Number of protein chains: 2
Amino acid sequence: MEKELQVLEDYIAQNNLKITRQRRAVLNAFAKCEEHVSAEELYRIVAETEPRIGLATIYRTLALLTQSGLASELDFGDGQKRYEHKFMHSHHDHMICTECGKIIEFSHPIIEKLQEEVAKRNGFAITSHKLDIFGVCGDCR
Amino acid sequence: MEKELQVLEDYIAQNNLKITRQRRAVLNAFAKCEEHVSAEELYRIVAETEPRIGLATIYRTLALLTQSGLASELDFGDGQKRYEHKFMHSHHDHMICTECGKIIEFSHPIIEKLQEEVAKRNGFAITSHKLDIFGVCGDCR
DNA sequence: GTTGCTGCAAAGTGTTTGCACCCTG
DNA sequence: CAGGGTGCAAACACTTTGCAGCAAC
């Protein structure tokens, strides 16, 4: 968390931006909150300590976090974006339970390697990828 | 295309629904149009031969096609759903060029198998999955 | 004291829905 | 001729933006 604040402050310093109470509050909430938050969820959390904050500020700050490399956007196709920690949280993919919404993270180096192979075979340079598996988790079966 | 109309008519017959000029027009356009159409795109195509059609009808018919198993919904995270042929078009994944928007389809049985493995290891029963690779295609490099 | 930031409300975007009329079966 | 289908417009859900006042540097 100290490191994250540092990353954000560096980014802010390098771009002639300002550190504000609200930005700190959002970062704080984001840092300690569960993975895969939506803007709305984060808004409710931040509002507990910062009741006058507007939803727009959450969106703007999340954009900032994404640009600074602290967060990454996720889209599980349910009509709203979600955000997860990127800082010190290495790449992984997701298994989403369609019953209870639980999300299991996993990573599989061999799958990644095979993707690289397919891409190369097609003259395609990968910048990112996402693999989402939908199904029913152990608890819901 | 004849077969697709048949599938749709069967589905319609089994569900007390009706075949209309508009539905035929949408299916027609969908059948001959390129992969990964958005509702808006399909609307413009259908409107050429059926100028009085409403966008809502496109959405409703696409839902129908999805339910009947002729189409499947895609979401590349750009804020709009896309649809592709499902009938006689086996499963595959997508490589999306972020420069020109081109989409390369591929399928990789070993990747699929590995996914099954990870799922099983987590007590997770897969119903579907999607793997999207983003990057730059050969033409754009 | 500049210049960027905030809250608010309004505008946007893609999609869905309510309703009166129309058409298929 | 009954019940589903259509077009239209309004409603929706999520996100972005314009603006006047506010606060960081």
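These numbers come from a predicted model, not from an experiment. Chain letters run A, B, ... following the sequence lines, proteins first and then strands; every chain starts at 1.
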Q | Stretch residues 45-57 of chain B: residues that reach within less than 4.0 Å of DNA chain D through a heavy atom | A | R52(B), I53(B), G54(B), A56(B), T57(B)

Q) Which residues satisfy the side-chain hydrogen bond (donor to acceptor under 3.5 Å, both in side chains) test with D139(A), sequence neighbours excluded? A) K102(A)

Q | side-chain hydrogen bond (donor to acceptor under 3.5 Å, both in side chains) involving H108(B) - partner list, sequence neighbours excluded | A | none

**Q.** Q115(B): side-chain hydrogen bond (donor to acceptor under 3.5 Å, both in side chains) partners, not counting sequence neighbours
**A.** H129(B)

For nucleotides 21-25 of chain C, print each protein N/O atom paired with a nucleotide N/O atom at under 3.5 Å, atom names and distance only.
unit_1, atom_1, unit_2, atom_2, d
dT24(C), O3', I19(B), O, 3.0
dT24(C), O2, K18(B), NZ, 3.0
dG25(C), OP1, I19(B), N, 3.4

Q. Out of curiosity, S72(B) OG to K130(B) NZ, how far, rounded to the nearest 0.5 Å?
A. 10.5 Å

Q: Can you pull out how bent the helix from dG1(C)-dC25(D) to dG25(C)-dC1(D) is, comparing the axes over its first five and last five pairs, to 10°?
A: 30°

**Q.** Rounded distance in Å - OH (Y11(B)) to P (dG4(D))
**A.** 14 Å

Q. Are side-chain N/O atoms of D10(A) and Q14(A) paired as donor and acceptor at under 3.5 Å?
A. no

Q | Within one Ile-Leu-Val-Met-Phe-Trp-Tyr cluster: Y59(B) and I45(B), side-chain cutoff 4.5 Å | A | no

Q | K120(B) side chain to A125(B) backbone, donor-acceptor under 3.5 Å | A | no

**Q.** For E105(A), all residues meeting side-chain hydrogen bond (donor to acceptor under 3.5 Å, both in side chains), sequence neighbours excluded
**A.** H36(A), H89(A), H92(A)

Enumerate, atom names and distances included, each donor-acceptor pair closer than 3.5 Å involving a side-chain atom of residues 47-58 of chain B, sequence neighbours excluded.
unit_1, atom_1, unit_2, atom_2, d
T49(B), OG1, V46(B), O, 3.2
E50(B), OE1, R21(B), NH1, 3.4
E50(B), OE2, R21(B), NH1, 2.2

Q) What distance separates I19(B) CD1 from L8(B) CG, expressed to the nearest 0.5 Å? A) 6.0 Å

Q: Any chance you could pull the hydrophobic cluster mates of I110(A), using side-chain heavy atoms under 4.5 angstrom and chaining through other members?
A: M95(A), I104(A), F106(A), I111(A), L114(A), V118(A), F124(A), I126(A), L131(A), I133(A), M95(B), I104(B), F106(B), I110(B), I111(B), L114(B), V118(B), F124(B), I126(B), L131(B), I133(B)

Q: Check the distance between dA13(D)'s C1' and E40(A)'s CD and give it to me in whole angstrom.
A: 10 Å

Q. Cluster partners of F76(B), using ILVMFWY side-chain heavy atoms under 4.5 angstrom, listed by chain and number?
A. L74(B), I96(B), I103(B), F134(B)

Q: List in chain and number order the residues that pass side chain to side chain contact (heavy atoms under 4.5 Å, CB included) with L17(B), two or more places apart in sequence or in another chain; answer none if no residue qualifies.
A: Y11(B), I12(B), N15(B), R23(B), L64(B)

**Q.** Members of residues 59-85 of chain B that approach DNA chain D, where some heavy atom sits under 4.0 Å away
**A.** R60(B)

